[in-house]
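Here is the naming used below: chain letters follow the sequence lines, and residue numbers restart at 1 for every chain.
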Amino acid sequence: MKIATWNVNSLRVRLPHVLDWLGANHPDVLALQETKLSDEQFPVEAFMAAGYQAVYSGQKTYNGVAILSRQPTRNVIHNVPGLQDDAQRRVLTATIADVRVLNVYVPNGAEVGSVKYAYKLGWLNKIAGYVREQLPRYEKFVMLGDFNVAPADMDVYDPKIWFEKILCSTPEREAIKRLRELGLVDLFRQFEQAEKSFSWWDYRAAAFRRNLGLRIDIILASPALAAVCSACRIDKTPRALERPSDHAPVVAEFMAGAQ
DNA sequence: ATGGTCGTCTAACGA
């Protein structure tokens, strides 16, 4: 089984890239963030033709998450306790085969100390409460998406520049640490990885060409699922295409038994 | 160099 996450920064613009990537990689599950589409505009047919079902929680212009899967999705949840009244569509939960999937688009936070930063920390706290309550119910649980947090200095091209800046501040990193303390495992760090492995590069200043990036797209798994994970990698290929998303997909593979 | 680039819509704003 192969499970992936990708912030596409507008599914309308990136649909050709996503379809090409599905064809080349045939993941069982692909969690998307920043679709920026209302539900009526979601390209269900294009994915169906590619062999994928889709569930989605969208809004116009901003945010929007979706889960694509080869097998049917069950028990789809669009809301989280404490975030029911949040108009921002940032979370989607569904079961595929025997895996409970929680797709998140964590708020960016704009700047440390801002109103958006407070919203981000509150949002992370509520999601952690949801995970604490849900995780014991599922042996195979995966929380993945754009976390908008680089968990450690090794996930940042220049930790001095980013010291206590947004995406790297101590309270944000502690929020991620708390998720790990609930038992979730950062699959990427279970394996030997190249130094300076990142999943997001700013569009500006030729950041991708210079590999000035951060690892903010993350796949966290329950212990039972982490135990059968055989690989986790970032696929930089689509970031090098014409008119790319600013994020690259992250892919985790699981040995039979997670099928 | 306190900028730079995208995507949303066509003015700023969010990332």
Heavy-atom nearest pair, A:L182 first then A:A128, reads CD1-O, 3.7 Å
Closest non-hydrogen contact found for A:A248 with A:W6 is C-CD1, 3.8 Å
Sorted by chain and residue number, the salt bridge (charged side-chain N to carboxylate O under 4.0 Å, His left out) partners of A:D155 (sequence neighbours excluded) come out as A:R189, A:R215
A:N63 atom CG is separated from B:dG7 atom C1', nearest whole Å, by 13 Å
Applying side chain to side chain donor-acceptor pair (under 3.5 Å) to A:E195 and not counting sequence neighbours gives none
note: A:K165, atom NZ; B:dA15, atom C1'; distance rounded to Å ~ 17 Å
Residue pairs meeting ring pair (Phe, Tyr, Trp, His ring centres under 6.0 Å), one or both in residues 52-87 of chain A, sequence neighbours left out, come to A:F42-A:Y56
Between the protein and nucleotides 4-6 of chain B, which nitrogen or oxygen pairs come in under 3.5 angstrom?
{"unit_1": "B:dG4", "atom_1": "N7", "unit_2": "A:R204", "atom_2": "NH1", "d": "3.3"}

Taken in chain and number order and not counting sequence neighbours, the residues that satisfy salt bridge (charged side-chain N to carboxylate O under 4.0 Å, His left out) with A:D235 are none
Residues in residues 105-124 of chain A with a heavy atom under 4.0 Å of DNA chain B, by number, are A:Y105, A:N108, A:K116
From CG of A:L167 across to P of B:dG14 the rounded distance in Å is 16 Å
Enumerate donor-acceptor pairs with a distance under 3.5 Å from any side-chain N or O in residues 225-233 of chain A to protein atoms, sequence neighbours excluded.
{"unit_1": "A:S230", "atom_1": "OG", "unit_2": "A:E253", "atom_2": "O", "d": "3.3"}

Whole-Å distance, A:Q88 CD to B:dT8 C1', equals 15 Å
A:N148 atom CG is separated from B:dA15 atom C1', nearest whole Å, by 8 Å
Q.
Please report the distance separating the P of B:dC13 from the corresponding atom of B:dG3, rounded so that it comes out in whole Å.
A. 15 Å
From CD1 of A:I166 across to P of B:dT2 the rounded distance in Å is 22 Å
* Any chance you could lay out the side chain to side chain donor-acceptor pair (under 3.5 Å) test for A:Y157 and A:W162, step after step, and finish with the verdict? => CA-CA 9 Å; A:Y157 70 90; A:W162 286 82; 3.3 Å; yes
Here the distance between atom P of B:dA15 and atom NZ of A:K36, to the nearest Å, is 9 Å
Here the salt bridge (charged side-chain N to carboxylate O under 4.0 Å, His left out) pairs for residues 71-91 of chain A, sequence neighbours left out, are none
Those residues at least two apart in sequence (or on a different chain) that pass salt bridge (charged side-chain N to carboxylate O under 4.0 Å, His left out) with A:E139 are none
DNA chain B nearest-nucleotide lookup for A:T35 and A:H247: closer to the 5′ end is A:T35
Does a side-chain N or O of A:T61 approach OP1 or OP2 of B:dG14 to a distance below 4.0 Å, or not? no
Those residues at least two apart in sequence (or on a different chain) that pass salt bridge (charged side-chain N to carboxylate O under 4.0 Å, His left out) with A:R204 are A:D202
Within residues 17-25 of chain A, the residues having a heavy atom closer than 4.0 Å to DNA chain B are none
Rounded to whole Å, the CD1-P distance (A:I161 to B:dA1) equals 15 Å
Across all chains, not counting sequence neighbours, the side chain to side chain donor-acceptor pair (under 3.5 Å) partners of A:T170 are A:E164
If I pick the C1' atom on B:dG4 and the same atom on B:dG14, what distance separates them, to the nearest angstrom?
16 Å
